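By convention here, the first residue in the shown sequence is residue 1. Keep in mind the model is a prediction, meaning the values are calculated, not measured.
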Amino acid sequence: MISGGGPYSTITMDNGYSFIKAFTLKEFESLCRPTLLVRVHKRYMVKFTHLHSINHYSEPKEIIMPNGETIPISRRRYNYIKQVIKQLSK
């Protein structure tokens, strides 16, 4: 997962280790394949292979990560995220 705040982003690895890079989320978006790491909210990018589930009933919708952490999904990105998950599950 990558969380952003201004010109810096915090990258959190699978093992819980995190570090800060001087990249905006927009810069990360341009570097990554959209089916591998996708922006789900104005402050978050998520690696789809580590997605546990989506809470469709909360408002805003949320991604549930394997460690139990929840990440909000913006309304305008929700349908795109559902499409990508459907494609990856084939």
**Student:** How many angstroms lie between atom CD1 of Ile20 and atom OG1 of Thr10, to the nearest 0.5 angstrom?
**Tutor:**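 One finds 4.5 Å between CD1 of Ile20 and OG1 of Thr10.
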**Student:** Atom OG in Ser3, atom CG in Leu25: separation rounded to 0.5 Å?
**Tutor:** 7.5 Å
**Student:** For the residue pair Leu31 and Phe23, what are the closest heavy atoms and their distance?
**Tutor:**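 So the two residues come closest at CD1-CE2, 4.4 Å.
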**Student:** Applying side-chain contact (heavy atoms from CB on, under 4.5 Å), run through Tyr17 and Phe19 and close with a yes or a no.
**Tutor:** CA-CA 7 Å; Tyr17 178 74; Phe19 54 95; 3.5 Å; yes
**Student:** Are any non-hydrogen side-chain atoms of Ile54 and Ile81 less than 4.5 angstrom apart?
**Tutor:**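 They are in contact (side-chain heavy atoms under 4.5 Å apart), so the answer is yes.
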**Student:** Under 3.5 Å, which donor-acceptor pairs link side chains of residues 36-44 to any protein atom two or more places apart or in another chain?
**Tutor:**
from  : atom 1 : to    : atom 2 : distance (Å)
Arg39 : NE     : His41 : O      : 3.3
Arg39 : NH1    : Glu29 : OE1    : 3.1
Arg39 : NH2    : Lys42 : O      : 2.8
His41 : ND1    : Arg43 : N      : 3.2
Arg43 : NE     : Gly4  : O      : 3.2

**Student:** Test side-chain contact (heavy atoms from CB on, under 4.5 Å) on Met1 and Met13 and set out the steps.
**Tutor:** CA-CA 7 Å; Met1 172 186 71; Met13 306 300 286; over 6 Å; no
**Student:** Transitively linked via ILVMFWY side-chain contacts under 4.5 Å: Tyr80 with Val46?
**Tutor:** yes
**Student:** Does CZ in Phe28 sit with more than 12 non-hydrogen atoms of other residues, nucleotides or ligands closer than 6.0 Å?
**Tutor:** yes
**Student:** Testing the basics here: between Glu27 and Ser30, what is the closest heavy-atom pair and its distance to 0.1 Å?
**Tutor:**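 Glu27 and Ser30 have their closest heavy atoms at O-OG, 2.8 Å.
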**Student:** Any chance you could measure Glu62, atom CD, to Thr70, atom OG1, to the nearest 0.5 Å?
**Tutor:**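 Output value for this atom pair is 4.0 Å.
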**Student:** Would you give the length of the straight line joining atom OG1 of Thr24 to atom CD1 of Ile2, rounded to the nearest 0.5 angstrom?
**Tutor:** 10.5 Å
**Student:** Hey, what do you get for CD1 (Ile73) to NZ (Lys82), rounding to the nearest 0.5 Å?
**Tutor:** 10.0 Å
**Student:** Can any side-chain N or O of Lys21 pair as donor or acceptor with the backbone N or O of Ser9 at less than 3.5 Å?
**Tutor:**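 No, the answer is negative, given that no donor and acceptor are paired below the 3.5 Å cut-off.
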**Student:** Looking at residues at least two apart in the chain, or sitting in another chain, which of them share a ring-ring contact (aromatic ring centres under 6.0 Å, His included) with Tyr57?
**Tutor:** none
